[in-house]
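When a residue number appears, it is its place in the shown sequence, counting from 1. Hydrogens, waters and symmetry mates are skipped; everything else that's a heavy atom, side chains included, is used. In listed order, ligands and their atoms are each counted from 1.
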Amino acid sequence: MIEKHVALTDFVEYPPQQMLMRAQQNLVQLQRRHSIRMFSERTVDQAVIEQCILAAGSAPSGANHQPWHFVAISSADIKKQIRIEAEAIEQAFYAGRAAETWLNDLKPLGTSADKSYLEHAPWLIAVFSQKKGGIMQDNETANYYVHESVGIATGFLIQALHHAGLGTLTHTPKPMSFLTKICNRDPDNERPYMLIVAGFPATNATVPEYALHKKSLAQISDFI
Ligand SMILES: Cc1cc2nc3c(=O)[nH]c(=O)nc-3n(C[C@H](O)[C@H](O)[C@H](O)COP(=O)(O)O)c2cc1C
């Protein structure tokens, strides 16, 4: 493709005071995001999920190849299939497949093999990464920085869902290959990357206190 540039017309600059205020407000909004494991069965309009997937699709990616695909699942039957597969994997995980240290690290979160939220939540969004495809999606052109790109897009997706007023959970049963089959995706070119559970938190939802502890600015950064 030939290089062609267009004027940057949608950049918005804010006065310094407003810039700081916006950064602080964004932080406060993001600090209200928590991984939710107790979902209400209340439905959420597909239109909302579509906008959130478009937000994810606006993420930067290696050579702009956008090496991702999102399968949004609301079908009760498919959610049930996913729960059955995920719980079988998680049972093996908690019964000894995971290292002792990993299981110990999970204890403060109170997670278990029970994944009933996979059926209760109105939407499951299976995120797939694509080895090849390029912008033309020809399944031939190499993709670059696939893991990094899909990670950023998934972050955008979680942020968009949170911004829309929904609770989310990042769920990563290991292995996740069953998602390829259930979602009818190409096993040669695509890998299931993450499963994002989205919906309203149950009215009695709780979050593990342990997850509220975030590292301080000094711990996570240096300014040099
Ligand atoms: C890559 C990744 C995988 C995760 N996998 C799971 C999972 O399989 N099951 C689960 O209950 N939580 C999972 N989580 C959620 C984390 O436990 C959670 O993000 C962490 O405890 C911090 O809590 P917070 O999201 O409320 O800040 C995962 C998070 C990430 C980023």
Side-chain angles (χ1 to χ4, degrees), residues 26-40 52 56 59 67-68 70-71 73 79 81-129 145-180 182-183 190-202 204-217 219-220:
N26 183 53
L27 170 63
V28 170
Q29 292 307 313
L30 284 179
Q31 284 172 331
R32 288 180 35 249
R33 182 210 56 82
H34 306 293
S35 287
I36 301 296
R37 297 179 182 84
M38 300 156 89
F39 282 88
S40 149
C52 295
W68 45 63
F70 302 90
V71 179
I73 303 146
K79 286 192 290 183
Q81 285 179 50
I82 291 177
R83 177 184 176 182
I84 290 168
E85 296 278 358
E87 285 189 337
I89 286 165
E90 298 280 356
Q91 270 149 19
F93 177 89
Y94 285 95
R97 200 168 46 76
E100 194 66 28
T101 44
W102 193 349
L103 292 177
N104 276 337
D105 285 343
L106 287 175
K107 271 187 187 149
L109 296 175
T111 54
S112 72
D114 175 0
K115 303 297 172 194
S116 41
Y117 52 72
L118 293 175
E119 276 192 85
H120 294 161
W123 289 98
L124 307 180
I125 306 174
V127 183
F128 291 86
S129 64
Y145 294 109
V146 171
H147 204 70
E148 294 83 348
S149 302
V150 182
I152 295 171
T154 306
F156 274 36
L157 176 63
I158 293 169
Q159 190 281 338
L161 292 162
H162 171 66
H163 186 72
L166 294 171
T168 59
L169 178 69
T170 314
H171 185 50
T172 46
K174 224 176 163 179
M176 276 191 286
S177 38
F178 67 89
L179 284 175
T180 304
I182 292 178
C183 298
E190 290 189 351
R191 283 233 178 103
Y193 185 81
M194 270 182 213
L195 187 61
I196 303 297
V197 186
F200 293 105
N204 62 342
T206 60
V207 290
E209 194 185 30
Y210 174 78
L212 303 179
H213 297 289
K214 300 299 184 194
K215 292 177 183 173
S216 68
L217 183 64
Q219 285 174 307
I220 63 169

Query raised in the report: Going from CZ on F128 to CE on M176, what distance comes out if it is rounded to the nearest 0.5 angstrom?
Result: 9.0 Å
Query raised in the report: Nearest protein heavy-atom contact for atom 5 (N) of ligand 1: which residue, which atom, what distance?
Result: T172 OG1, 2.7 Å
Query raised in the report: Is there side-chain contact between W123 and L166, with heavy atoms separated by less than 4.5 Å?
Result: no
Query - Proximal atoms of ligand 1 relative to M194 (non-hydrogen, under 4.0 Å) - result: 1 (C)
Requested in this report: Check the pair D114 / S112 against side chain to side chain donor-acceptor pair (under 3.5 Å), numbers first and verdict last.
Outcome: CA-CA 5 Å; D114 175 0; S112 72; 5.2 Å; no
Query raised in the report: What heavy-atom pair brings P201 and G167 nearest, and what distance separates the two atoms?
Result: CD-N, 4.3 Å
Query - Backbone of K115 reached by a side-chain donor or acceptor of E87 within 3.5 Å - result: yes
Query - Proximal ligand 1 atoms for T111, defined as those under 4.0 Å from one of its heavy atoms - result: 11 (O)
**Report entry** ligand 1 atoms in contact with H34 (distance to a heavy atom under 4.0 Å)
**Finding:** 26 (O)
Requested in this report: Report yes if the side chains of K79 and L118 come closer than 4.5 Å at any heavy-atom pair, otherwise no.
Outcome: no
Query raised in the report: Does an N or O anywhere in R33 fall below 3.5 Å from an N or O of ligand 1?
Result: yes
Query raised in the report: Atoms of ligand 1 less than 4.0 Å from K214 heavy atoms?
Result: 22 (C), 23 (O), 24 (P), 27 (O)
Query raised in the report: Just wondering, do I196 and L169 contact through their side chains at under 4.5 Å, heavy atoms?
Result: no
Query raised in the report: Would W68 and Y193 count as a close aromatic pair, with their ring centres under 6.0 Å?
Result: no
Report summary line: Of all protein heavy atoms, the one nearest atom 2 (C) of ligand 1 is T170 CG2, 3.7 Å
Report task. Please tell me if the side chains of L195 and I82 come closer than 4.5 Å, counting only heavy atoms from C-beta onward. Result -> yes
Requested in this report: Around atom 9 (N) of ligand 1, find the nearest protein heavy atom and jot down its residue, atom name and distance.
Outcome: H171 ND1, 3.6 Å
Requested in this report: Indicate yes or no: does an N/O atom of R37 lie under 3.5 Å from an N/O atom of ligand 1?
Outcome: yes
Query raised in the report: Which residue holds the protein heavy atom closest to atom 23 (O) of ligand 1, what is that atom called, and what is the gap in Å?
Result: A211 CB, 3.4 Å
Query raised in the report: ligand 1 versus L212, non-hydrogen atoms closer than 4.0 Å: side chain, backbone, both, neither?
Result: neither
Query raised in the report: How close does the nearest protein non-hydrogen atom get to atom 18 (C) of ligand 1, and which residue and atom is it?
Result: S35 OG, 3.5 Å
Query raised in the report: Which of the atoms of ligand 1 are close to L109, meaning less than 4.0 Å from one of its heavy atoms?
Result: 17 (O), 21 (O)
